[in-house]
> 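Let me begin by handing over the structure; questions about it come next.
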Amino acid sequence: MSDSRKRQKGPQGQPIHVAIASTSTSAPSPALALFPSAQPPSKTPYSLYTHGESQSLLAAETDDIEFESRNHIGEAAEEAGGEERGYSTEYMIGVHNPRTNTLTLHSSPLHLFTPSIKSLKPTPESLASRDHQSLMTAQRALLGSTFGTKKAIRALNAQQRNKLNQESFGTGSSSKLLQQHLQSSIQQSSAHLPTVESIELTANEARPIPPFNLEAETPAQVYALEHLLSPAELNSIDLSPFLSAPTNKERLAMLPGKKPDFIWTKFKQILPARNEVEGSIPNPKKQDRERLKLLIHLAYLFRFKETVFAGTKSLDRSKLVERLGNPAPIVVDSLIDRYTEGIRTSGGGGGGGEQRKMTSFMEQKLLSYLLVIVLRIDGYSTDIDSIAHDLAIGPPKIREVFRSLGCQIVAPSAVDREKLVTSGFAKTTAEAGKMKKATLKVPLEFPKERKGRAKK
């Protein structure tokens with residue numbers, strides 16, 4: 001069978017002869033090009049410009065961009081004692097001739113191309129306007145230095161000293177050293193900048209919400225009870241009168257102010273009437289006792305919100321105690337300290353004092369703490385429209401506060417829709433389906449800041 005492969009021409013296995021190409025001023029030499037940013041199409045023509053025997057410049061252009069090579073050693077070489085400027089980097093390109101088995105090396109400089117956008121280049125009109133403005137400035141400075149006051153002359157001299165130009169930061173090696181120093185300083189300063197995560201965490205901690213636990217594995221671990229009210233406040237609430245009362249109506253009468261539907265419903269769920277347990281005093285479990293105390297504390301928060309609100313001149317403690325139903329002093333003091341701010345006031349004769357006021361920030365804090373307690377009582381999932389009705393606040397605002405607490409807004413289940421219809425909050429199941437629920441879920445996630453163009 002004949003061999004169909006072509007035989008390679010030329011000597012095989014022999015040493016290759018290396019030769020250096022002779023330089024000719026008439027013939028152009030090969031070149032290497034590097035495009036760090038924009039790169040022209042492959043069919044773009046190039047123009048070669050030479051200066052002497054050792055320097056050349058390549059240039060190319062498209063409809064929008066001009067490309068010019070920057071590959072010469074600048075003035076720094078002349079300052080260092082160099083005879084003439086040359087290429088900053090130069091390579092050798094080898095061309096192998098298989099017939100003569102010769103590798104010819106051609107000197108090839110590296111051309112680093114810098115693009116410039118044509119539309120951004122200065123026009124002759126803009127250059128003329130700039131030159132005219134410079135001339136006017138120079139003439140004005142000359143008149144000021146000749147006929148101006150001493151103060152004006154000092155200002156002109158200071159302006160000339162502070163004027164920046166190409167030599168302001170030195171030339172050659174000194175300018176490069178300054179550039180390296182600035183780059184190093186920027187890198188060192190930027191290394192201490194806060195991360196996006198730390199900025200987001202700091203912003204969340206500064207919001208008017210209770211302290212939270214990002215590592216929580218269950219919703220109950222997100223907001224600790226001691227951060228909502230102190231153990232002393234919780235222990236000061238006496239359940240004995242509520243447990244011994246014969247009916248829920250009498251129990252609710254012990255609470256201050258109007259009775260929100262949420263508190264009324266939860267009281268009936270947690271604490272049955274005595275006639276339902278054959279007249280004996282109920283003995284709820286420890287968890288239900290805690291929920292009952294939180295319901296009583298929630299009644300205090302509702303009443304506090306009705307009594308003290310942003311815009312009032314100052315807090316009247318005696319009036320607050322009366323409207324809260326004369327609770328334990330620790331309850332009143334804690335509510336004032338937690339949800340009002342001290343404002344310094346000036347008095348006669350140079351004296352002054354401090355008044356407690358409800359600010360808009362504290363009003364938002366009160367609403368956030370109140371809704372967290374609602375979530376804790378309601379098993380960390382509660383109906384938004386119902387609590388919005390009790391607070392006399394629009395559901396959209398309540399949804400935003402729940403989102404700021406890390407809740408997800410979900411549609412109610414079939415069982416929840418039936419409960420809403422039975423309780424009278426909705427007329428039909430279809431209407432109940434539109435009533436969203438706020439559910440606290442883990443891992444805890446807060447809403448991201450919206451980014452976008454501002455509406456005009």
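Count residues from 1 along the sequence. Predicted model only: the values in this text are computed from it and were never measured.
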> Out of the candidates D390, D383, T382, only one should pair with S386 under the side-chain hydrogen bond (donor to acceptor under 3.5 Å, both in side chains) rule; please name it.
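Testing each of D390, D383, T382 against S386, the sole residue satisfying side-chain hydrogen bond (donor to acceptor under 3.5 Å, both in side chains) is D383.
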> Taking NZ, NE, NH1 and NH2 as the nitrogens, is one of them in R403 or E400 under 4.0 Å from a carboxylate oxygen of the other?
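Looking at R403 and E400, the cut-off is met.
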> Checking F262 now: which residues fulfil ring-ring contact (aromatic ring centres under 6.0 Å, His included) with it, not counting sequence neighbours?
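Not a single residue meets the ring-ring contact (aromatic ring centres under 6.0 Å, His included) criterion with F262.
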> Going by heavy atoms in the side chains, are K437 and V410 under 4.5 Å from each other?
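Heavy-atom side-chain distance check passes, below 4.5 Å.
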> Are the aromatic rings of F113 and F67 close, with centres under 6.0 Å apart?
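For F113 and F67, the ring centres are not under 6.0 Å apart.
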> Around atom CD of Q287, are there more than 12 heavy atoms from other residues, nucleotides or ligands closer than 6.0 Å?
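No, not enclosed.
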> How far apart are the closest heavy atoms of P219 and V442, and which atoms are they?
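Heavy atoms of P219 and V442 come nearest at N-CG1, 4.0 Å.
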> For H389, look at atom NE2 and say whether over 12 heavy atoms of other residues, nucleotides or ligands are found less than 6.0 Å away.
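No - once you tally the heavy atoms of other residues, nucleotides and ligands closer than 6.0 Å, there are 12 at most.
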> For a 4.5 angstrom cut-off between non-hydrogen side-chain atoms, does M92 reach L105?
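Yes, their side chains come closer than 4.5 Å.
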> Side chains of I398 and D385, heavy atoms from C-beta outward: is any pair under 4.5 Å?
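The answer is no, as the side chains (C-beta and beyond) never meet within the 4.5 Å cut-off.
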> Test side-chain contact (heavy atoms from CB on, under 4.5 Å) on I117 and D64 and set out the steps.
CA-CA 6 Å; I117 302 175; D64 301 320; 5.7 Å; no
> For residues L48 and L58, report the shortest heavy-atom separation together with the two atoms involved.
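The answer is CD1-CD2, 3.9 Å.
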> What verdict does the salt bridge (Lys or Arg N to Asp or Glu O under 4.0 Å) test give for D288 and K285, after you've listed the backbone C-alpha separation in whole Å, the side-chain angles of each residue and the deciding distance to 0.1 Å?
CA-CA 5 Å; D288 289 337; K285 299 179 181 178; over 6 Å; no
> With the side chain counted from C-beta on, respond yes when R417 and E431 share a heavy-atom pair under 4.5 Å apart, and no when they do not.
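Side chain of R417 against side chain of E431, heavy atoms only: no contact under 4.5 Å found.
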> Quick one: does NZ or CZ of R338 land under 6.0 Å from the six-membered ring centre of F304, within 45 degrees of the ring axis?
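Because its charged atom misses either the 6.0 Å distance or the 45° angle limit, R338 does not stack over F304.
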> Mark yes when over 12 heavy atoms from residues, nucleotides or ligands other than K118 sit less than 6.0 Å from its NZ; otherwise mark no.
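Count over threshold, so yes.
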> Identify, with sequence neighbours excluded, every residue that meets ring-ring contact (aromatic ring centres under 6.0 Å, His included) alongside Y223.
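Listed in chain order: nothing, the list is empty.
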> Quick one, M362 with T340, criterion side-chain contact (heavy atoms from CB on, under 4.5 Å). Give me CA distance, side-chain angles, the key distance, then yes/no.
CA-CA 6 Å; M362 286 298 176; T340 62; 5.6 Å; no
> Between D378 and V374 (side chain of the first, backbone of the second, donor and acceptor by atom type, cut-off under 3.5 Å), is there such a pair?
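It does not hold such a pair.
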> Determine whether Y369 and Y339 satisfy the following criterion, ring pair (Phe, Tyr, Trp, His ring centres under 6.0 Å), listing intermediate values before the conclusion.
CA-CA 10 Å; Y369 276 62; Y339 301 118; 5.8 Å; yes
> Mind checking whether F446 and F212 have ring centres under 6.0 Å apart?
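Centroid distance F446-F212: below 6.0 Å, so yes.
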> In terms of side-chain heavy atoms, does S230 have a donor or acceptor partner in E233 at a distance below 3.5 Å?
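Yes, side-chain donor-acceptor contact under 3.5 Å.
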> So do L294 and R376 actually touch side chain to side chain, heavy atoms under 4.5 Å?
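Side chain of R376 against side chain of L294, heavy atoms only: contact under 4.5 Å found.
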